[in-house]
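Beneath this line is the structure, given in structure tokens, with notes to follow.
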Amino acid sequence: MEYRIETMPETKFVGQKALMSLTDNKTVAIWRNFMPKRSEIQNQLGTELYSIEVYSSVYFKGFDPAKRFEKWAAVAVESLDGQPEEMHHLVIPEGKYAVFAYKGSSAEAGKAYQYIFREWLPSSEYELDHRPHFAVMGEKYKNNDPESEEELWVPVKGR
């Protein structure tokens, strides 16, 4: 899998969120609620959509599919001022990310994440950093299409 290392500046997001786990996956419901209201968000930066996961500091200490995390459907914004009341906001601090180009259906993305966490990360010069993870879905993203393309952003820091 091709990747690059990028430093992302502090970025503001507005969107919908929910607590969920892998066994209680609410991703479809979050996006179904978010998409009709997306046009109400002010000062959007670009047209990309962001699927964001906010994990606790102990989330990755032992795999448990019932562990809960915060899942977001969001867009990047210039300002948090004047946003719709039913929307939430999140600020991701500046930091380094390993960015992986992923091509395939979202149903198959789990295999890409397994590669990243089980093979790439342990053999790289990086370790996981405690910041939100996210996928950037741009113009080549086609929900559940095998030709869909997106970027998987994993927060890292030097060992």
Side-chain angles (χ1 to χ4, degrees), residues 1-35 37-38 41 45 48-77 80 83 85-138 141 143-144 148-159:
M1 231 178 148
E2 289 184 31
Y3 76 93
R4 67 185 187 277
I5 300 297
E6 272 199 35
T7 299
M8 183 181 93
E10 178 183 272
T11 306
K12 299 171 185 77
F13 295 91
V14 171
Q16 296 286 309
K17 66 178 180 172
L19 279 176
M20 60 176 264
S21 68
L22 296 176
T23 56
D24 181 26
N25 194 323
K26 298 178 182 173
T27 303
V28 172
I30 297 166
W31 283 100
R32 195 175 288 143
N33 189 40
F34 173 73
M35 289 304 285
K37 300 172 184 173
R38 176 180 158 208
I41 298 172
L45 296 173
E48 293 87 3
L49 298 171
Y50 293 80
S51 179
I52 305 170
E53 295 88 25
V54 180
Y55 299 107
S56 74
S57 61
V58 297
Y59 184 85
F60 291 100
K61 294 185 193 305
F63 179 73
D64 177 357
K67 277 187 191 172
R68 294 166 60 88
F69 59 93
E70 200 173 82
K71 179 76 164 190
W72 287 73
V75 293
V77 295
L80 299 175
Q83 300 299 345
E85 283 186 29
E86 68 274 6
M87 294 289 177
H88 301 276
H89 70 272
L90 174 70
V91 178
I92 296 181
E94 178 179 320
K96 211 173 264 192
Y97 280 83
V99 183
F100 295 85
Y102 172 70
K103 183 174 183 177
S105 75
S106 31
E108 297 294 315
K111 292 176 185 174
Y113 283 108
Q114 283 182 9
Y115 164 77
I116 293 167
F117 289 104
R118 290 185 180 165
E119 294 180 39
W120 180 83
L121 193 58
S123 65
S124 76
E125 62 191 78
Y126 300 99
E127 63 184 2
L128 202 57
D129 199 0
H130 182 64
R131 281 178 285 111
H133 300 224
F134 58 91
V136 180
M137 298 166 292
Y141 178 77
N143 189 28
N144 271 330
S148 182
E149 294 180 35
E150 62 188 282
E151 291 184 335
L152 310 177
W153 289 59
V154 178
V156 295
K157 61 184 177 182
R159 290 191 190 271

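In this text, all values refer to a predicted model and were calculated from it rather than measured experimentally.
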side-chain contact (heavy atoms from CB on, under 4.5 Å) evaluation trace for Leu49 with Val75: CA-CA 5 Å; Leu49 298 171; Val75 293; 4.0 Å; yes

Give the intermediate values and the outcome of side-chain contact (heavy atoms from CB on, under 4.5 Å) for residues Tyr97 and Ile92. CA-CA 12 Å; Tyr97 280 83; Ile92 296 181; 3.5 Å; yes

Let me see the working for Lys157 and Lys96 under side-chain contact (heavy atoms from CB on, under 4.5 Å), right down to the final yes or no. CA-CA 6 Å; Lys157 61 184 177 182; Lys96 211 173 264 192; over 6 Å; no

Using the side-chain contact (heavy atoms from CB on, under 4.5 Å) rule, take Val136 and Val99 through it: C-alpha gap first, then chi angles, then the decisive distance, then the call. CA-CA 10 Å; Val136 180; Val99 183; over 6 Å; no

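To the nearest 0.5 Å, atoms CG (Leu22) and OG1 (Thr27) are separated by 9.0 Å. Within the model, atoms CD of Gln83 and CD of Glu85 stand 12.0 Å from one another, a figure rounded to the nearest 0.5 Å. Annotation: the span from Glu125 atom CD to Arg159 atom CZ amounts to 9.0 Å, rounded to 0.5 Å. Taking CD of Glu86 as the reference point, atom NZ of Lys37 lies at 5.0 Å (rounded to 0.5 Å). Interatomic distance, Phe100 CZ to Met1 CE, rounded to the nearest 0.5 Å: 6.5 Å. With rounding to the nearest 0.5 Å, the separation of CZ in Phe69 from CG in Leu19 is 9.5 Å.
The aromatic rings of Tyr126 and Trp120 lie parallel to each other, their planes meeting at an angle below 30°, with 60° marking the opposite boundary. Taking the six-membered ring where the residue is Trp, Phe117 and Tyr113 present parallel rings, their angle staying beneath 30° rather than reaching 60°. Note on ring orientation: taking the six-membered ring where Trp is involved, the planes of Phe60 and His133 are parallel (angle under 30°, cut-offs 30° and 60°). Ring geometry for Phe134 versus Phe13: interplanar angle of 30 to 60°, hence tilted.
Within the 3.5 Å criterion, the main-chain N or O of Ser105 finds a donor-acceptor partner in the side chain of Tyr102. Put simply, the side chain of Asp129 never gets that close to the backbone of Arg131: no donor and acceptor are under 3.5 Å apart.
By the 6.0 Å contact criterion, NE2 on His89 is open, its count of non-hydrogen atoms from other residues, nucleotides or ligands being 12 or less. The number of heavy-atom neighbours closer than 6.0 Å to CD of Glu10, taken from other residues, nucleotides and ligands shown, is above 12. When the shell of 6.0 Å around NZ of Lys26 is examined, it contains more than 12 heavy atoms from other residues, nucleotides or ligands.
Pairing each heavy atom of Gly15 with each of Phe34, the nearest pair is CA-CE1, 3.7 Å. The minimum heavy-atom distance between Arg38 and Met87, with the atom names listed, is N-CE, 4.5 Å. The two atoms that bring Ala98 and Val156 nearest to each other are N-CG2, 3.8 Å, heavy atoms only. Considering every non-hydrogen atom in both Val58 and Lys67, the closest pair reads O-NZ, 3.2 Å. Here the shortest heavy-atom pairing between Glu150 and Ala135 reads OE1-CB, 3.3 Å. The heavy-atom pair separating Ser106 from Tyr141 by the smallest distance is OG-OH, 4.0 Å.
You'll find the side chain of Val154 stays beyond 4.5 Å of the side chain of Leu121, heavy atoms only.
In this structure, Trp72 has no ring pair (Phe, Tyr, Trp, His ring centres under 6.0 Å) partners at least two apart in sequence or on a different chain.
Salt-bridge check for Arg4 with Glu151: passed, with a basic side-chain N closer than 4.0 Å to an acidic carboxylate O.
Screening residues 51-64 for salt bridge (charged side-chain N to carboxylate O under 4.0 Å, His left out), with sequence neighbours left out, gives Glu53-Lys71.
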